[in-house]
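Notes follow once the structure below has been shown.
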Amino acid sequence: MVKLFLQFLLFFAIFPSSLFRLEHNATMTSKAMERGFKLILGSQSMARKRILAEMGYDYTIVTADIDEKAIRTDKPEDLVVALAEAKANEIISKLGGESQFAHDPQPTLLVTADTVVVYKGVIREKPTTKEEAREFIKGYSGSHGGVVGSVLVRNLKTGVKRGGWDKAEVYFHEIPEQVIDDLIDDAVTYKVAGGLTLEHPLISPFVDSVVGGVDTVMGLPKELTEKFINDVL
């Protein structure tokens with residue numbers, strides 16, 4: 001019990017805004033409503049939902065059903081941008097095309113994103129087996145991994161879009177074998193790029209430092225997202 005309590009103290013030391021997230025969101029007026037547009041988030045990621053809410057936006061969710069493995073590029077920056085674009089195209093098709101939004105009084109903005117981990121020059125996406133998850137997490141122990149994340153914002157009324165990517169680096173202390181065992185038994189590990197989620201209470205005590213934006217590591221670069229929203233309006 002003491003160990004678990006200490007883990008949560010460390011968790012909030014790394015992510016202090018998390019402690020006040022629910023109260024903050026409950027009293028917040030949606031920036032999208034104030035500025036006269038609707039927002040669609042093309043992701044089921046809990047982290048992306050929280051980040052967009054922290055930024056002050058209300059949104060609806062429409063997800064893409066694409067084969068991410070069918071989209072390949074040599075550079076991680078190109079890959080995450082291509083995947084965000086593919087997700088947007090599939091969602092627009094699912095919604096009936098941009099023509100459905102052309103005559104709306106308010107513009108609708110679609111936000112899509114993608115994230116990969118880069119470890120020793122190799123792109124890591126979501127682990128698919130326990131063996132792969134163990135290899136991924138064990139590699140981070142006492143070492144570091146890079147994160148490349150993209151965001152694409154598309155105005156469905158005008159067709160104007162802006163996209164780009166950001167990078168961050170995460171450094172880890174030694175991760176005990178028992179913690180690795182527990183992580184590979186957790187379904188969350190298989191839902192995130194590289195099996196890496198900073199907010200997990202098992203892994204957060206072993207995060208040494210993050211160089212770059214924590215929001216980029218979590219899946220949605222705030223600064224880029226805000227910039228692109230402004231650009232397409």
Minimum heavy-atom separation for Leu198 and Ser204, please, with both atom names. O-CB, 3.4 Å
Taking the side chain as everything from C-beta on, heavy atoms only, tell me whether Tyr190 gets closer than 4.5 Å to Thr128. no
Verify the neighbour count for atom NZ of Lys49: are there more than 12 heavy atoms of other residues, nucleotides or ligands below 6.0 Å? yes
Please determine, by modelled atom types, if Glu226 and Tyr57 share a side-chain donor-acceptor pair under 3.5 angstrom. yes
Spell out, as yes or no, whether a donor-acceptor pair under 3.5 Å connects the side chain of Thr189 to the backbone of Leu183. yes
Tell me whether Met46 shares a hydrophobic cluster with Ile51, the cluster being built from Ile, Leu, Val, Met, Phe, Trp, Tyr side chains joined at under 4.5 Å. no
NZ (Lys94) with more than 12 external heavy atoms under 6.0 Å: yes
Do Lys157 side-chain atoms and Asp104 backbone N/O form a donor-acceptor pair below 3.5 Å? yes
Under 3.5 Å, side chain of Lys138 to main-chain N/O of Ile180, donor-acceptor pair present? no
Indicate yes or no: does Arg154 engage Glu85 in a salt bridge with an N to O separation below 4.0 Å. yes
For atom CG of Asp74, decide whether the heavy atoms of other residues, nucleotides or ligands shown that lie under 6.0 angstrom number more than 12. no
Are Phe136 and Ile203 linked, directly or through other ILVMFWY residues, by side chains that come within less than 4.5 angstrom of each other? yes
Any donor-acceptor N/O pair, Ser150 side chain to Asp114 backbone, under 3.5 Å: yes
With distance as the sole test, does Asn155 use its side chain to make a donor-acceptor pair with the main-chain N or O of Val232 at under 3.5 Å? yes
Do the ring planes of Tyr140 and Tyr119 sit parallel (below 30°), tilted (30 to 60°) or perpendicular (above 60°)? perpendicular
Remaining members of Phe101's ILVMFWY cluster at a side-chain heavy-atom cut-off under 4.5 Å? Ile40, Val62, Ile91, Ile92, Leu95, Leu110, Leu156
Would you name the heavy atoms of Lys222 and Asp215 that are closest together and state the gap between them? N-OD2, 2.6 Å
Examine the side chains of Asn230 and Arg162 and answer whether a donor and an acceptor come within less than 3.5 Å of each other. no
Do you reckon Ile123 sits in the same ILVMFWY cluster as Val117, going by side-chain contacts under 4.5 Å, direct or chained? no
Donor-acceptor check, side chain of Lys87 to backbone of Ala113, threshold 3.5 angstrom: yes or no? yes
Quick one: are Arg35 and Ile229 in side-chain contact, heavy atoms under 4.5 Å? yes
Decide, yes or no, whether a salt bridge links Lys38 with Asp58 under the criterion of side-chain N to carboxylate O below 4.0 Å. no
On a heavy-atom basis, which atom in Thr63 and which in Glu90 lie closest, and how many Å separate them? O-OE1, 4.0 Å
Where is the tightest heavy-atom contact between Thr216 and Gly149, given as atom of each residue plus distance? CG2-N, 4.3 Å
Option among Asp182, Asp181, Ile175 that satisfies the side chain to side chain contact (heavy atoms under 4.5 Å, CB included) test with Val179: Ile175
When you group the ILVMFWY residues by side-chain heavy-atom contacts below 4.5 Å and let the links chain together, are Leu196 and Val80 in the same group? no
For atom CD of Gln106, is the number of surrounding heavy atoms from other residues, nucleotides or ligands below 6.0 Å larger than 12? yes
Could you check whether any side-chain N or O of Thr225 sits under 3.5 Å from a backbone N or O of Pro221, counting only pairs where one atom can act as donor and the other as acceptor? yes
Do Val148 and Leu224 sit in the same hydrophobic cluster, where Ile, Leu, Val, Met, Phe, Trp and Tyr count as joined when their side-chain heavy atoms come under 4.5 Å apart? no
Counting only N and O atoms by type, is there a donor-acceptor contact under 3.5 Å from the side chain of Asp78 to the main-chain atoms of Thr73? no
